[in-house]
Amino acid sequence: MVGAEQLHSREDTIAAISTPAGEGGIGIIRISGGKALSLAQNIFHPKYPQKDFDSHRLYLGEIRDPADGDIVDECLMTFMKSPNSFTREDVVELHCHGGTVVLQRTMELLMRNAIRQAEPGEFTKRAFLNGRIDLSQAEAIIDVIRAKTERGLRLAQVQLKGGLKDELALMRGRLIHALAILEAYIDFPEEELDPNALAGMDKDINSSISFIDKLLSTYEEGRVLREGIHVVIAGRPNVGKSSLLNALLMEKRAIVTSIPGTTRDTIEEVINLKGIPINLIDTAGIRETEDIVEKEGIKKARDKLNEADLILYMMDERGLNADDFKVIESVTGRKSLFIINKIDIISDERANEIKSSLPGDDALSISLKAGKGLEELKDAIFNSVMKHKADRLPSVIISRKRHKVSLEFARKSLERSINGINKNLPLELIAIDIKEALNNIAEVAGETTPDDVLDKIFSDFCIGK
Ligand code: GDP
């Protein structure tokens with residue numbers, strides 16, 4: 001019997017439909033592995049017979065069932081010879097018509113031919129294992145595919161081009177230099193320690209620490225740009241929550257009425273606010289009620305408040321009441337902005353009165369009816385999660401927890417090594433700390449990443465990527 005291990009060997013030739021399911025102009029099947037071309041040739045018949053297929057050229061032909069010669073599709077075929085392909089293996093792509101049946105039939109024919117269905121992300125995993133890209137670039141591929149805004153896309157493209165990889169390589173170079181000096185002294189203990197060499201080493205380590213700090217300081221913004229944030233609009237019924245959602249969406253989706261309590265459920269929409277993907281949630285107004293349906297809506301609203309990255313707490317000319325204060329108390333510690341809506345019908349005196357009753361200092365005054373204050377509100381939302389101005393973001397940003405954790409470990413090891421130098425600890429101990437830091441940094445690139453972590457990263461990819 002053939003074991004699962006053998007079935008899923010790196011030597012297998014694999015195939016998958018690489019275009020999304022459903023109807024489309026074209027549907028692409030990608031094949032990768034040593035036998036990609038010879039196995040594809042069993043089913044692909046070029047219109048003009050070829051002795052050899054040139055790499056990176058398109059050939060018109062037909063897919064035929066080898067069993068009975070039945071034509072499955074007319075398609076284009078391209079062969080990308082190893083190592084000049086995405087996986088660095090021989091790759092064949094069949095550009096068929098984009099229909100479910102035609103693509104599945106073609107896949108079936110391939111699988112009858114000892115080609116295995118690729119696992120999710122297996123093509124990218126091979127590109128990584130074969131050294132074409134490092135792990136940070138592999139992660140960037142999925143970020144490019146899933147980018148929610150243009151800014152997020154730009155960030156992913158920098159990482160895909162090797163932005164993070166190159167910066168980390170520079171730092172590793174400095175640390176390897178420091179380690180080499182150290183090891184020279186370890187190997188020749190009779191040599192006097194040269195204070196200049198030690199100072200140079202100290203400098204290399206300290207500049208690496210500053211560099212890590214610079215990268216770590218970009219994490220929060222990177223995460224926000226990649227994943228987006230949850231912004232919850234809260235406030236009692238009729239203050240203008242649905243109107244705000246509509247204004248930010250710039251189209252009417254939530255139902256706006258003047259009967260308090262009609263937004264019975266939470267409504268969620270995704271908007272692009274200056275490059276940040278925002279999951280905007282309009283909650284049911286929270287108040288004491290006996291209505292069962294409304295109670296359910298209020299429970300949901302409370303749950304959303306507890307998960308929010310930012311709460312927009314709205315009020316109108318009535319200011320805050322006891323119910324509002326209860327809600328606000330229950331979410332203390334969460335980032336929030338107070339918004340006084342309907343300033344078109346509020347006197348300055350009343351507005352000041354409301355402001356002085358608020359638990360926080362900042363309140364934005366807006367009028368959704370008159371279209372006032374919306375731009376200021378958008379700026380305030382942006383500034384509440386971003387340190388940099390929209391056009392001043394650093395080009396290399398870390399956006400994954402995995403990178404942050406590895407860099408934090410590296411930083412700790414480097415700090416230990418500096419302490420060791422200052423305390424004249426044995427050079428061997430200092431060398432261990434620097435090596436550990438190098439290992440942690442190598443984790444970002446995937447060089448020292450455990451297999452189960454790699455499997456988890458690639459299993460998050462789609463089939464055919
Ligand atoms: P929600 O219950 O908090 O979602 O409130 P809605 O968005 O449904 O709005 C309640 C009522 O307030 C509607 O009649 C809106 O037209 C009205 N409203 C919303 N914003 C303003 C505003 O800026 N000025 C005035 N005068 N009325 C507003």
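Every number for a ligand or one of its atoms is a count from 1 in the order of the listing.
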Less than 3.5 Å apart, which donor and acceptor atoms pair up between the side chains of residues 381-388 and the rest of the protein, not counting sequence neighbours?
from	atom 1	to	atom 2	distance (Å)
Asn383	ND2	Asp379	O	3.2
Ser384	OG	Ile381	O	2.7
Lys387	NZ	Ser217	O	2.8
His388	ND1	Glu221	OE1	2.9
His388	ND1	Glu221	OE2	3.2

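- Judged as a ring-ring contact (aromatic ring centres under 6.0 Å, His included), and not counting sequence neighbours, the contacts of Phe461 are Phe458.
- At least one N or O atom of Gly240 sits closer than 3.5 Å to an N or O atom of ligand 1.
- Considering each of Ile345, Ile343, Asp344, Ile366, the one bringing a non-hydrogen atom nearest atom 24 (N) of ligand 1 is Asp344.
- Checked against a 3.5 angstrom limit, the closest N/O atoms of Asn341 and ligand 1 fall inside it.
- Looking at Val239 next to ligand 1, an N or O pair under 3.5 Å apart turns up.
- Counting atoms of ligand 1 from 1 in the listed order, those under 4.0 Å from a heavy atom of Ser367 are 23 (O).
- Scanning both residues, Ile311 and Ala234, for their nearest heavy atoms gives CG2-CB, 4.2 Å.
- Screening Ile17, Ile43, Asp65 for a side chain to side chain contact (heavy atoms under 4.5 Å, CB included) with Thr106, the sole residue that qualifies is Ile43.
- Between Ser417 and Asp433, the side chains place no donor N or O within less than 3.5 Å of an acceptor N or O (distance only, hydrogens not considered).
- Heavy-atom proximity to atom 27 (N) of ligand 1, evaluated over Arg236, Glu317, Lys342, is greatest for Lys342.
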